[in-house]
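First up is the structure itself, then whatever we jot down about it.
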Amino acid sequence: MTTEQAEIDRPVTGTGKPAVSRSALLWLATLTPAVLFIHGYHPFADDAGIYVAGIRKLTDPTLYRPDAAFVLANTRFSLFAHLLAGVVRITRIPLDYFLLATHLASIFAFLLACWALARRIFASPAAQWSAVALAGACFTLPVAGTAILIMDPYVTARSISTPLGLFALAASVDRKWARAVLFLLLTALMHPLMAIYVAAFVFLFILVDLDHPRGACVLSFFAIIASGISYLATRHLPVSAAYNQAIHSSVRLYLFPSQWLWYEDIGLVVPLALFALAAYRLGSRTRAGKLCIAVVLLGTASMLSAFLFVRTSGPNLLARLQLLRSFHILYVLGIVLLGGFIGELLLHRSPDGSHVQPSRRMACALLIAIAVVMFLAQRHTYPLSAHIEFPGEAPRNPWQQAFVWIRVNTPQDAVFAANPQLVFLNGEDSQGFRATTGRSLLADDKDEGVAVVFPHLAARWAAERNAQAELDHLSDPERLVRLHPLGATWLLLSGHAATSFPCPYRNSVAQVCRLGW
């Protein structure tokens, strides 16, 4: 073993020094608002629309009574929404401000977890902080075609489960088994599905780290066999037409690897190939090499299981488990390793001990370029919304302006019908209706994901979703016949929709109307 490898494998903890120095905390606190500025903040967008509605419902049970089944679905197996709702109830902090504080805390926790992991892999402080900087720059990097990001520009259960999972991995590197188990349990309480994949990776790494690579290989092989058994055991189970409609929607293509685009497949193959190359170059005696071996095993097992046994023709159990989301923890680790290697390569020291200035400038330029690309990607994702949606500020997005009017001017028990594709419309910027308005909405295409995970809701989802189909193009009598039996009392129509219903609010993209004359 080389001197450098021995230094990398040297335990970082137990040196008598504080685990986290004040200067490190200060640097992490300084990086936190920088990450916020680069990646933005959209508290009610995309998946946050689901989670925030659940938090609102748990805080105020009088909300969302007609659609409670969809609003509360994601709170059944996770303590995340219950925890945030409890804090809001106890402290009386306005939810908007508490969400921003939670988001900032999650950024800080993510950077701290990446730093803690980097310290256990790289001996050089330059490499450690380069890893943290790259993690901050890649905060919202998409994970192949899985429809999730490294971290979200809003608060979800992954905002907490991801740092906790990284702390579990860091504890396993230290061979602090009780601490690792504790962090895994906390991860499971926040996000059970992601905890499964983090635990699988941690367990594979432990086997490799304890010099049982064959055991890790056997375990990965049996995971593939178990997936095949699950496929055979469930392939003849009956599936309702409503559930088929939900799981085979055009917005759920990420559930089936065979429907991924070519560059999404590259997002699986190329990282695994790089990890395999790194494992070969580093060897099985360094921590980085052991981590790479565990990555290759978990990634390969997940890919083979998904491509062999997750089919559009069914069965659907493995599709619901979203096996390729195991790449989330692998992507995060890959960013930490890549950042550390960049730091070692470009921030090396000259023989007299001073930094080589051209290399430092090159490293900074590379990190800035990545940050700029990610900033532009976020602006492209949310083009009509403010980059950072601060609490109390009037929204720029015209759809959100309509949502705010609804929140202020309609009764709390109002039930809305809208284009079921509302959250996916160009210019809507994935802003969540329920989360913003605090009003009920008939099931839409965003609720489709809830119906996929909870099949007993599929029939209701299909009935409400299909009743709203082509809503903007229906006549008023047709709207009344379709929607009134479902309990709808208000309509959110596009600005160009023709209607004679009274519409007390209109703007360039939307009109809010009462259902009936």
Side-chain angles (χ1 to χ4, degrees), residues 8 12 20 24-40 106-144 148-153 158-159 162-163 165-167 169-170 173 201 267 270-275 277-279 281-282 286-289 291-292 295 327-348 355-356 358-378:
I8 291 174
V12 177
V20 186
L25 291 175
L26 181 61
W27 276 112
L28 293 170
T30 302
L31 284 172
T32 295
V35 172
L36 178 71
F37 172 78
I38 293 168
H39 301 280
S106 72
I107 296 174
F108 180 85
F110 173 73
L111 296 176
L112 176 62
C114 290
W115 179 75
L117 188 57
R119 285 185 74 209
R120 287 153 174 82
I121 301 172
F122 302 102
S124 164
Q128 296 166 10
W129 285 106
S130 177
V132 173
L134 185 61
C138 296
F139 189 78
T140 54
L141 181 72
V143 179
I148 59 174
L149 311 177
I150 295 296
M151 289 282 280
D152 300 306
R158 284 192 303 274
S159 302
T162 299
L166 293 175
F167 285 129
L169 178 57
V173 171
F201 179 72
V270 171
L272 274 188
L274 293 175
F275 274 116
L277 177 61
R281 296 289 300 272
L282 295 169
T286 65
R287 284 180 177 171
L291 287 165
C292 289
V295 166
F327 272 75
H328 179 262
I329 184 66
L330 309 188
Y331 262 58
V332 178
L333 177 61
I335 289 170
V336 171
L337 289 173
L338 179 60
F341 293 146
I342 290 174
E344 288 188 333
L345 179 64
L346 298 181
L347 298 178
H348 62 280
H355 286 292
V356 179
S359 296
R360 174 181 288 182
R361 289 195 293 269
M362 186 182 299
C364 291
L366 177 61
L367 290 171
I368 291 172
I370 293 172
V372 169
V373 169
M374 296 304 297
F375 173 86
L376 295 175
Q378 287 303 297

Between His39 and Ala371, is there a donor-acceptor pair closer than 3.5 Å when you use the side chain of the first and the backbone of the second? no
Contacts of Ala24 that satisfy side chain to side chain contact (heavy atoms under 4.5 Å, CB included) - sequence neighbours left out: Val20, Ser21, Trp115, Trp129
Could I get the full list of ring-ring contact (aromatic ring centres under 6.0 Å, His included) partners for Phe341, not counting sequence neighbours? Phe122
Ala288 versus Ile121, closest heavy-atom pair with distance: CB-CG2, 3.8 Å
Between the main-chain N or O of Gly339 and the side-chain N or O of Ser130, is there a donor-acceptor pair closer than 3.5 Å? yes
Among Leu333, Val332, Val336, the one residue meeting side-chain contact (heavy atoms from CB on, under 4.5 Å) with Leu166: Val332
Let me see the working for Arg287 and Val173 under side chain to side chain contact (heavy atoms under 4.5 Å, CB included), right down to the final yes or no. CA-CA 8 Å; Arg287 284 180 177 171; Val173 171; 3.7 Å; yes
Between Arg119 (side chain only) and Gln128 (backbone N and O only), is there a donor and an acceptor less than 3.5 Å apart? no
Evaluation steps, side chain to side chain contact (heavy atoms under 4.5 Å, CB included), between Leu149 and Leu141: CA-CA 5 Å; Leu149 311 177; Leu141 181 72; over 6 Å; no
Exercise: identify the closest heavy-atom pair between Pro153 and Gly40: CB-O, 3.7 Å
Do you know which two heavy atoms are closest between Ala279 and Cys292, and how far apart they sit? CB-CB, 3.7 Å
Which atoms form the tightest heavy-atom contact between Pro271 and Tyr331, and what is the distance? CG-OH, 4.0 Å
If the condition is ring-ring contact (aromatic ring centres under 6.0 Å, His included), which residues does Phe201 pass it with, not counting sequence neighbours? none
To the nearest 0.5 Å, tell me how far Leu338 CG sits from Leu274 CG. 8.5 Å
Calculate, to the nearest 0.5 Å, the distance between atoms CG and CD1 belonging to Leu31 and Ile38 respectively. 9.0 Å
Parallel, tilted or perpendicular: which fits the ring planes of Phe139 and Phe110, with parallel below 30° and perpendicular above 60°? perpendicular
A side-chain contact here means heavy atoms from C-beta on lying under 4.5 Å apart; do Cys138 and Ile370 qualify? yes
Side chain to side chain contact (heavy atoms under 4.5 Å, CB included) partners of Ile148, counting only residues at least two apart: Val143, Thr146, Arg158, Met194, Arg325, His328
What's the separation between atom CD1 in Ile342 and atom CG in Leu337, rounded to the nearest 0.5 Å? 11.0 Å
Under the criterion side chain to side chain contact (heavy atoms under 4.5 Å, CB included), I'd like the reasoning laid out for Thr140 against Gln378: C-alpha separation, chi angles, the key distance, then a yes or no. CA-CA 8 Å; Thr140 54; Gln378 287 303 297; 3.4 Å; yes
Which value, rounded to the nearest 0.5 Å, describes the distance between Cys114 atom SG and Ile335 atom CD1? 8.0 Å
With sequence neighbours excluded, tell me which residues meet side chain to side chain contact (heavy atoms under 4.5 Å, CB included) with Ala133. Leu367
Between the CG atom in Leu117 and the CZ atom in Phe167, the distance rounded to the nearest 0.5 Å is 10.0 Å
dist Thr30:OG1 -> Leu25:CG (nearest 0.5 Å) comes out at 10.5 Å
Could you list the residues that satisfy ring-ring contact (aromatic ring centres under 6.0 Å, His included) with Phe375, not counting sequence neighbours? Phe37, His387
